[in-house]
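First the structure, in the form of structure tokens, and then the observations on it.
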Amino acid sequence: MTFLGVAGWPVAHSLSPVMHNAALAAVGLSDWRYLALPLPPERFAETVRALPAAGFRGLNATIPHKAAALAVADAATPTAAAIGAANTLTFERGGAIVADNTDAPGLLEALPLEIAGISALVLGAGGAARAAVYALLHAGAADVMVWNRTRERAERLVADLGGRVVDVPQSATLVLNTTSVGLRDTDAPFKSLPLQADTLGVGSYVADMVYRPGGTPLLAEAKRRGATVVSGLEILLAQGAASFERWTDMTAPRDAMRGAVHRTPEP
Ligand code: ATR
């Protein structure tokens, strides 16, 4: 048996196991399994170091482990090192742990527009926002505005990666929500985030890293106004496909993965 997994705290809500197990089945890797590993932060590093001997080939890291995943690795790709966070660890045959960040290329794959020359507004300044700003700037975005509830965090992000901090954003071709606003039923994105619904219309693109049953209120409103919307499930799928390819050296069966995440009622 060869194992893959996702470490998070909590991790029960993750759709990665159902998505990756569908992928493994679709490509015929019948003796591979992808597991959810609930790991408290204080157990992360020691557990990860023990995984290769237990038959693991790779691990996804999610909240709150993405910085720790980079720190535990023996080597990192330039992308993970620049972003300062890793969502993908690969256990190489010689025992080395290699960190990568597939959130950045995954986001670019999921976005259905040419990024070169566009203006983008990134909401949030956590790990997901860092990957997004890195990806957008590397793809040639002309103007990347970063807004965060806590301004100092946005300032740190911009100092590390580029873009510019905004308090009152101007409208942008692409609006990307990386905050957790929208996750709970009671969330009101147009109150918590500096967005005006009437700026989201035909010709604009709105992407939400949050996914939840029935979609998020931000995307529902953006769609109603004629914007092109990108669901967090598509972003999840694209980063997962890139991780899968890294571990298996096979092309990820994206249709099987998409089918699995759309079939599964989110908890
Ligand atoms: P991740 O690694 O997934 O990006 P994170 O580092 O916990 O997660 O970041 C969460 C983001 O959501 C932050 O930008 C946070 O803003 P703060 O830096 O001010 O905490 C943002 N966020 C969470 N709840 C929010 C709310 N109610 N309104 C606005 N922003 C919120």
Side-chain angles (χ1 to χ4, degrees), residues 15-16 19 60 62 66 77 79-80 82-83 85 87-88 100-147 157-158 161-164 166 169-182 189 193 195 199-212 215-246 251-252 254-255 257-258 261-262:
L15 288 174
S16 289
M19 178 173 75
N60 282 133
T62 188
K66 289 185 183 182
T77 62
T79 303
I83 292 168
N87 74 324
T88 303
D100 199 354
N101 189 310
T102 68
D103 288 331
L107 174 67
L108 294 178
E109 178 181 317
L111 292 173
L113 75 160
E114 176 57 59
I115 300 300
I118 69 160
S119 59
L121 169 61
V122 175
L123 304 168
R130 293 180 72 90
V133 169
Y134 175 90
L136 293 170
L137 287 171
H138 275 254
D143 186 15
V144 176
M145 295 174 266
V146 181
W147 175 91
L157 185 161
V158 162
L161 295 169
R164 65 187 173 104
V166 291
Q170 297 137 27
S171 62
T173 304
L174 169 68
V175 174
L176 175 63
N177 177 41
T178 77
T179 76
S180 48
V181 174
L193 303 174
L195 291 176
T199 63
L200 309 174
V202 177
S204 70
Y205 291 77
V206 183
D208 202 339
M209 299 275 211
V210 173
Y211 54 86
R212 49 166 288 143
T216 62
L218 171 60
L219 292 193
E221 182 63 19
K223 197 170 183 178
R224 206 175 66 75
R225 291 179 177 270
T228 304
V229 301
V230 182
S231 137
L233 286 176
E234 281 299 311
I235 301 169
L236 173 81
L237 167 70
Q239 63 76 34
S243 299
F244 183 93
E245 290 174 351
R246 176 75 176 80
T251 301
R254 285 172 172 72
D255 289 343
M257 296 168 84
R258 183 177 289 110
V261 295
H262 283 289

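Residue numbers run from 1 in the order of the sequence given. All values derive from a computational prediction rather than experimental measurement.
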Nearest 0.5 Å, please: how far is [atom2] in [Y] from [atom1] in [X]?
X      : Y      : atom1 : atom2 : result
Leu176 : Asp208 : CG    : CG    : 8.0 Å
Leu233 : Met257 : CG    : CE    : 12.0 Å
Ile235 : Tyr211 : CD1   : OH    : 11.0 Å
Phe244 : Leu237 : CZ    : CG    : 12.0 Å
Thr102 : Leu107 : OG1   : CG    : 11.0 Å
Met145 : Leu136 : CE    : CG    : 11.5 Å

Subject >> Salt bridge flag under 4.0 Å for residues Arg254 and Glu245 >> reply: yes
**OP:** Keeping the roles fixed (side chain from Gln239, backbone from Leu236), state whether a donor-acceptor pair exists under 3.5 Å.
**Re:**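 Present.
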To check you understand the geometry: which heavy-atom pair defines the closest contact between [X] and [Y], and what is its length?
X      : Y      : answer
Ala172 : Leu121 : CB-N, 3.8 Å
Asn177 : Thr179 : OD1-OG1, 2.8 Å
Thr228 : Pro112 : CG2-CG, 4.3 Å
Val181 : Pro189 : CG1-CA, 3.8 Å
Leu111 : Ala207 : CD2-CB, 3.9 Å
Ser171 : Ser119 : O-OG, 4.4 Å

When you compare the side chain of [Y] with that of [X], does any pair of heavy atoms fall below 4.5 Å?
X      : Y      : value
Leu157 : Val122 : no
Glu234 : Arg258 : yes
Arg164 : Asp143 : yes

Original post:
Do you know which of Leu161, Asp103, Thr178 makes side-chain contact (heavy atoms from CB on, under 4.5 Å) with Arg130?
Top reply: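 Result for side-chain contact (heavy atoms from CB on, under 4.5 Å) with Arg130: Leu161.
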Original post:
With no hydrogens and no angle check, do the side chains of Ser243 and Asn60 hold a donor and an acceptor under 3.5 Å apart?
Top reply: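 Result is yes, a qualifying pair exists.
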Subject >> Thr88, Thr77, Thr79 screened by side chain to side chain donor-acceptor pair (under 3.5 Å) with Asp100, the one that passes >> reply: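 Of all the options given, the one that passes is Thr77.
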